[in-house]
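Each remark here refers to the structure printed beneath this line.
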Amino acid sequence: MGALVGLGFGIGLLLVWTALHPGEASSSARDGRRRGRLRDLLTQAGVEGVTPAALVLSCITTGLVVLVGTVVLSRSIAIAVAFALPAAYAPIALVRQRAGRRRGELREVWPDAVDHISSAIRAGLSLPEALAQLGVRGPETLRRAFQRFGEDYRSTGRFDECLDRLKDALADPVGDRVVEAVRLARQVGGSELGRLLRTLSGFLRADVRTRGEIEARQSWTVNAARLSVASPWLVLGFLSLRPETVARYDSSAGVLVLAVGAAVCITAYRVMLRIARLPAEERVLR
């Protein structure tokens, strides 16, 4: 009961502080950047029809459902909060995972897409027409974006602006490099166009091979980091079904243990991921 009163008092203070400090220009800018990052994340994941506000609402709903369910099962506010906070982040984590998987899929098909552009140009099509053809004959995962590009270009005729909108629709780092290379290719033109596209295709294939080898070698480190972080909380979930354990975690010392444990797990997980990714980043840069 004391923990519940403290939680309610803290939420009340937060609401009072928010009411006394209305949104300023800097706060509005930060909120805009957060919404922009969430919008980019949804675009990278290929999730259409979901707004950043809807994603945040799903996080809040998930957290509240887990909070209420854990309180009913364990009768402990402290343990319920410990499980509700990760659950509230779960929708964003799922979107991030889907975005990473989609980036990997796009990375695999970009070399073939560049080869399609090069073949279309050798067949006599202009560069905008070659890009629009990817919406019909290109890789399946890229067709929708290039269909929109073709429709946009036919309606406006502004190649650079259409490329900018194509970059926004793809929201892919490899796609950004391809689009800028295509922009440069249009400016260069002539005999250099085919050579530039062939060089770009070879570079993308080498990048895919390098990343694939390194990710395969480092995957066990990432999985071990996830398992090591999840294990203590799985044990806590089983212990929360025992009344004597719940009573200990409801004390101030128990809350401190949960807070310190969460901080240690998050820090260790980030450090392990950073250590696992450093060799990959260095080798790709080389």
Side-chain angles (χ1 to χ4, degrees), residues 36-50 95 98-215 280-281 283-286:
R37 287 195 294 268
L38 289 178
R39 190 176 296 108
D40 290 342
L41 182 62
L42 291 169
T43 303
Q44 292 171 5
V47 179
E48 298 182 357
V50 178
V95 174
R98 180 169 177 175
R101 185 167 59 249
R102 182 172 177 269
R103 282 195 297 268
E105 293 173 355
L106 292 179
R107 192 182 300 121
E108 294 283 342
V109 301
W110 272 120
D112 293 334
V114 175
D115 288 341
H116 276 288
I117 298 173
S118 181
S119 300
I121 290 174
R122 286 198 301 270
L125 296 179
S126 64
L127 187 55
E129 292 173 343
L131 291 175
Q133 281 294 314
L134 286 177
V136 181
R137 301 176 182 175
E140 187 67 31
T141 53
L142 294 174
R143 287 185 182 180
R144 181 58 180 163
F146 282 95
Q147 285 174 359
R148 292 176 180 174
F149 168 83
E151 296 169 356
D152 194 10
Y153 182 74
R154 284 190 291 269
S155 62
T156 63
R158 299 174 180 176
F159 186 69
D160 287 337
E161 295 181 5
C162 294
L163 284 182
D164 292 335
R165 284 189 282 271
L166 177 62
K167 286 173 60 177
D168 293 337
L170 292 170
D172 179 58
V174 180
D176 291 345
R177 284 186 286 173
V178 173
V179 169
E180 292 304 322
V182 168
R183 195 194 307 271
L184 178 62
R186 181 178 174 84
Q187 294 173 358
V188 173
S191 60
E192 299 295 330
L193 178 57
R195 185 183 306 171
L196 190 150
L197 292 175
R198 287 193 297 271
T199 302
L200 176 62
S201 176
F203 171 78
L204 292 176
R205 282 193 167 84
D207 181 69
V208 169
R209 287 194 299 269
T210 303
R211 288 183 180 273
E213 293 174 1
I214 296 174
E215 288 176 359
E281 294 174 357
R283 184 171 175 183
V284 168
L285 288 176
R286 287 199 297 266

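With a 4.5 Å cut-off on side-chain heavy atoms, Pro139 and Glu108 do not count as touching. By the 4.5 Å heavy-atom criterion applied to side chains, Arg148 and Arg165 are not counted as neighbours. Two residues are said to be in side-chain contact when any heavy atoms from C-beta on lie closer than 4.5 Å; Ser119 and Arg122 meet this criterion. Here the side chains of Leu142 and Leu134 are not in contact, with every heavy-atom distance at 4.5 Å or above. In this structure, the side chains of Arg177 and Trp110 stay at 4.5 Å or more apart for every pair of heavy atoms. A 4.5 Å side-chain heavy-atom check between Thr156 and Glu161 finds every atom pair outside the cut-off.
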Q: Please step through side chain to side chain contact (heavy atoms under 4.5 Å, CB included) for the pair Leu106 and Val174, ending with a clear verdict.
A: CA-CA 8 Å; Leu106 292 179; Val174 180; over 6 Å; no

Q: For Leu170 and Asp176, run side chain to side chain contact (heavy atoms under 4.5 Å, CB included): C-alpha distance rounded to whole Å, both residues' side-chain angles, the deciding distance at 0.1 Å, then the answer.
A: CA-CA 8 Å; Leu170 292 170; Asp176 291 345; 5.8 Å; no

Q: In sequence, state the C-alpha distance, the side-chain angles, and the governing distance for Glu105 and Arg102, and then conclude on salt bridge (Lys or Arg N to Asp or Glu O under 4.0 Å).
A: CA-CA 5 Å; Glu105 293 173 355; Arg102 182 172 177 269; over 6 Å; no

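Between the CZ atom of Phe159 and the OG atom of Ser126 there is a distance of 8.5 Å, given to the nearest 0.5 Å. For the atom pair Leu125 CG and Ile117 CD1, the distance stands at 11.5 Å (nearest 0.5 Å). With rounding to the nearest 0.5 Å, the separation of CG in Asp168 from CG in Leu163 is 11.0 Å.
The two residues Ala132 and Gly150 come nearest to each other via the heavy atoms CB-CA, 3.9 Å. The minimum heavy-atom distance between Arg103 and Pro173, with the atom names listed, is CD-CD, 3.9 Å. Annotation for Arg143 and Val136: closest pair CZ-O, 3.4 Å, computed over non-hydrogen atoms.
Using cut-offs of 30° and 60° on the angle between ring planes, the pair Phe146 and Phe149 is perpendicular.
Tested against Val179 for a side-chain contact (heavy atoms from CB on, under 4.5 Å), the candidates Leu184, Leu166, Asp172, Asp164 yield a single pass: Leu166. For the side-chain contact (heavy atoms from CB on, under 4.5 Å) test with Val95, the passing option among Leu38, Val50, Leu41 is Leu41; the others fail.
Comment: Arg205 engages Asp115 in a salt bridge, judged by a side-chain N to carboxylate O separation of less than 4.0 angstrom.
Judged purely by atom type and a 3.5 angstrom limit, Ser118 has no side-chain atom pairing as donor or acceptor with the backbone of Val114.
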